[in-house]
Amino acid sequence: MWWGRWLSAPPLPPPATRLLFNRWLHITPTCCLKKTKYPPRPKWLIVEDELDEKFLKGGRGPGGQKINKTNSKVQLTHLPTGIVVTCQYSRSQESNRKRAREILALKLEELQNPEGCRTAVIGAAKSAAKQAKARKSRKKYQELAETKPPKDEAAEAKVDPEAEFNQFLQQIHNR
């Protein structure tokens, strides 16, 4: 269930209890467990009459020699827009058909609504997470640099190897 932008968390329904194998189980609804909610997959955008579907022999990917002999690769062409999607995700033709339709639906949604489509929302969430991670890392190393003890100036003084060698020679001659 989509709760929109609430200032606080949505009201939680009471947990359901159920007797199973002589034990009471507390069941929490799944809507309460998920932290982020993405827009639904746009399966309604595909009209079967507007598709041209071909089954091809796959040339690359998992499956070995079997993939080269069977027509498990699916190529969908959306006739009104001319978008072509090929899918060879697995050796199964049915799962490839399903995956190709999902990919095509996402591409059609990107054409209709570029800012609010599912891929844009997921991409924005991923980039926000990446930026937060980078900020956290920068902050960590900045704090480490601030708390680092100052270096000893005597140890920082540059050592002249020639002067040390001459000193060593004088010590040997004085013996």
Side-chain angles (χ1 to χ4, degrees), residues 1-16 18 25-147:
M1 187 179 300
W2 178 251
W3 295 102
R5 292 184 178 227
W6 283 43
L7 297 177
S8 62
L12 297 176
R18 186 173 167 183
L25 296 177
H26 295 280
I27 302 167
T28 305
T30 57
C31 69
C32 304
L33 297 177
K34 196 162 187 174
K35 291 182 181 179
T36 57
K37 183 77 173 178
Y38 297 122
R41 287 187 169 85
K43 295 177 183 174
W44 61 88
L45 292 175
I46 294 192
V47 179
E48 292 295 323
D49 297 338
E50 297 176 347
L51 296 179
D52 180 32
E53 185 174 36
K54 293 180 186 174
F55 300 106
L56 309 171
K57 292 186 181 187
R60 297 182 179 184
Q65 186 178 9
K66 173 81 172 170
I67 212 74
N68 301 330
K69 293 180 173 182
T70 59
N71 293 336
S72 60
K73 187 176 188 177
V74 177
Q75 181 179 19
L76 289 179
T77 305
H78 189 248
L79 298 175
T81 58
I83 296 175
V84 178
V85 173
T86 58
C87 181
Q88 186 190 353
Y89 180 71
S90 70
R91 286 169 52 171
S92 167
Q93 191 180 68
E94 281 301 311
S95 64
N96 287 338
R97 287 181 76 204
K98 183 179 177 184
R99 179 67 64 104
R101 280 171 170 69
E102 288 176 4
I103 294 169
L104 182 63
L106 288 172
K107 288 191 177 196
L108 290 174
E109 187 189 26
E110 282 181 30
L111 284 177
Q112 284 185 352
N113 185 9
E115 289 90 27
C117 67
R118 181 179 171 86
T119 53
V121 172
I122 292 174
K126 282 184 181 178
S127 66
K130 189 174 181 180
Q131 288 173 356
K133 188 176 178 181
R135 257 187 271 122
K136 183 178 176 183
S137 177
R138 271 196 308 270
K139 184 179 176 184
K140 173 186 166 185
Y141 286 108
Q142 188 178 20
E143 288 174 358
L144 279 174
E146 290 172 359
T147 59

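Note: Cys87 SG to Arg97 CZ = 12.0 Å, rounded to the nearest 0.5 Å. Taken from OG in Ser90 to NZ in Lys98, the straight-line distance is 11.0 Å, to the nearest 0.5 Å. From Lys54, atom NZ reaches atom CG of Leu76 across 11.0 Å, with rounding to the nearest 0.5 Å. For the atom pair NZ (Lys133) and NZ (Lys136), the distance works out to 9.5 Å, reported to the nearest 0.5 Å. Taking OG1 of Thr77 as the reference point, atom CG of Leu51 lies at 8.5 Å (rounded to 0.5 Å).
A donor-acceptor pair under 3.5 Å is absent between the side-chain atoms of Asn96 and the main chain of Val74, judged by distance alone.
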side-chain contact (heavy atoms from CB on, under 4.5 Å) evaluation trace for Gln75 with Val84: CA-CA 7 Å; Gln75 181 179 19; Val84 178; 3.3 Å; yes

CA sep, side-chain torsions, deciding dist, call: Glu50, His78, side-chain contact (heavy atoms from CB on, under 4.5 Å): CA-CA 6 Å; Glu50 297 176 347; His78 189 248; 3.2 Å; yes

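Nearest heavy atoms, Ile46 versus Arg101: CD1-O, 3.0 Å. Closest of all the heavy-atom pairs between Asp52 and Leu79 is CB-CD2, 4.1 Å.
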For residues 110-122, which side-chain N or O atoms pair as donor and acceptor with protein atoms under 3.5 Å away, sequence neighbours left out?
from, atom 1, to, atom 2, distance (Å)
Glu110, OE2, Thr119, OG1, 2.9
Asn113, OD1, Gly116, N, 3.2
Arg118, NH1, Pro39, O, 2.5

